[in-house]
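Just below is one structure, and these are the notes that go with it.
The chains referred to below are lettered A, B, ... by the order of the sequence lines, with proteins before strands, and numbering in each begins at 1.
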Number of protein chains: 2
Amino acid sequence: MLWHDPRRCLRSAFFAAAAHEFASRGYAGARVDRIAQRARVNKAMLYYHFGSKRQLYRALLRTTSLHVAARLREVGESSDRPEQMMDRVIATFAEIARERAFFPAVMLREIAEGGAHLDRETLAALGAVPMAFSAIVARGVAAGAFRPVPPIVAYFITMAPLMVYMAAAPIRRELAKSRLLPVVPPDLDAFIGHLQQTMRRALENEPSLGITT
Amino acid sequence: MLWHDPRRCLRSAFFAAAAHEFASRGYAGARVDRIAQRARVNKAMLYYHFGSKRQLYRALLRTTSLHVAARLREVGESSDRPEQMMDRVIATFAEIARERAFFPAVMLREIAEGGAHLDRETLAALGAVPMAFSAIVARGVAAGAFRPVPPIVAYFITMAPLMVYMAAAPIRRELAKSRLLPVVPPDLDAFIGHLQQTMRRALENEPSLGITT
DNA sequence: GTCTATACTTCGATAGAC
DNA sequence: GTCTATCGAAGTATAGAC
């Protein structure tokens, strides 16, 4: 990842700090001072390298989205059967969110934001994620392994629960702490298992044969 | 809805304006000036009636959450079979979001926010929504109509796609405008149909019988 | 209860030395 | 390339007249 280049290293430090700040406070709530402080770099450096808060935000979103899209394409290039591929797509989403804990919250926030602060290039990077996902589903449908569900619909039904369940971890903790939840919610791995099963059933093309329970 | 009471009417005007502002800009991005302007009331009045931006936000969240939870309980009290009840739960969510367009975005943002700005009372109101939903699923499981899926898991798998798909409408428009989407995404009604079908399959307890295609 | 004017604070951004 | 000091804008909140 080119960590030998000091310029790259500085960008990474800024990205990590910015990701944490934007995820937990949102674009408007994020403070440039806090990002610089967390990155252990002077604030003026941030402006020197990125120009503005907005451009830093865009760079973060672009980098992250392109990374996610690339990982999904990797899964799509494997020789797995479509059903297994969907399992791996879900696992990959979760894996990415484990590596980059900020990902779900930033994603949800940007959706709610409706694309304000974004330029065309960043928008394109964002769109690469549903595109990569849709390609996988479309091939499964074409091969007859999946029901003819619109790929973009499958994308939202798969990705949204994952993003929301992961982003909701803090508020679940709050609810649990205040004794406002009747039962302990399953951990992420269990949730992923349920989601995989749900999508297998949702996309299953031969209801009378071989539903895995 | 007590529209005859002028005090109630004023609160409603504030709520409507605040909802729009919080949904499109987030808590930190929301501007008290804009809320007052949109409500066609002086800003000082807002502070007179609600005390602060934060308390206005909490009041909005409480009112909305309690309304949603009440609507879900209504569905739960009907004499429908569990499968039909789930269809109606999904339809009800969508209906509420049609009446109150701000609902999905505010919900997603608050999840990402992790419960900051919230007091115990508002947190409890928020928790009432998954509680009401879970009660419905739990009864379906107890009656043998549903597979033994943890109700809270079913909640996230059902609610998240709806919230995200609705909240993502603006960014889908942006993507479409920039020609960054290969196909036109289904409208909300079609999406709801797919989600209902997905949840029927996900909760179906007898895979060999009566799957509706 | 309602409005005007303003106090006080915080934030994004930059100028300018090194 | 890096840091300090600071500016100007914009924000929440309130004091005080009516």
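Scored by the salt bridge (charged side-chain N to carboxylate O under 4.0 Å, His left out) test, A:Arg81 finds A:Glu83 as partners (sequence neighbours excluded). Residues forming a ring pair (Phe, Tyr, Trp, His ring centres under 6.0 Å) with B:Phe15 (at least two apart in sequence, or on another chain): B:Phe50. In this structure A:Thr158 satisfies the side chain to side chain contact (heavy atoms under 4.5 Å, CB included) test together with A:Met86, A:Ile90, A:Phe133, A:Met199, sequence neighbours excluded.
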ring-ring contact (aromatic ring centres under 6.0 Å, His included) evaluation trace for A:His117 with A:Tyr27: CA-CA 9 Å; A:His117 333 297; A:Tyr27 179 79; 3.9 Å; yes
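Nucleotide D:dT2 holds its C1' atom 18 Å from the CD atom of A:Gln37, rounded to whole Å. Between the P atom of C:dG12 and the OH atom of A:Tyr57 lies a distance of 14 Å, rounded to the nearest Å. Here C:dT2 presents its P atom at 6 Å from CG of B:Leu10, a figure rounded to the nearest Å. The distance from atom CZ of A:Phe22 to atom P of C:dC11 is 14 Å, rounded to the nearest whole Å. When the P atom of D:dG1 is taken as reference, atom CG of A:Leu46 falls 15 Å away, rounded to whole Å. Separating the CE atom of A:Met45 from the C1' atom of D:dG1 is a distance of 6 Å, rounded to the nearest angstrom. At whole-Å resolution of the value, OH in B:Tyr48 and P in C:dT2 are 8 Å apart.
Residue pairs meeting the side-chain hydrogen bond (donor to acceptor under 3.5 Å, both in side chains) criterion with at least one partner in residues 50-61 of chain B, sequence neighbours excluded, are B:Tyr57-B:Glu110.
In terms of phosphate contacts, A:His49 brings no side-chain nitrogen or oxygen within less than 4.0 Å of OP1 or OP2 of D:dG1.
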Under 3.5 Å, which donor-acceptor pairs link side chains of residues 188-195 of chain A to any protein atom two or more places apart or in another chain?
unit_1   : atom_1 : unit_2  : atom_2 : d
A:Asp189 : OD1    : A:Arg98 : NH2    : 3.0

Protein proximity profile, nucleotides 4-18 of chain D - base contact B, sugar-phosphate-only contact S, no contact -, cut-off 4.0 Å on heavy atoms: B------SBBB----
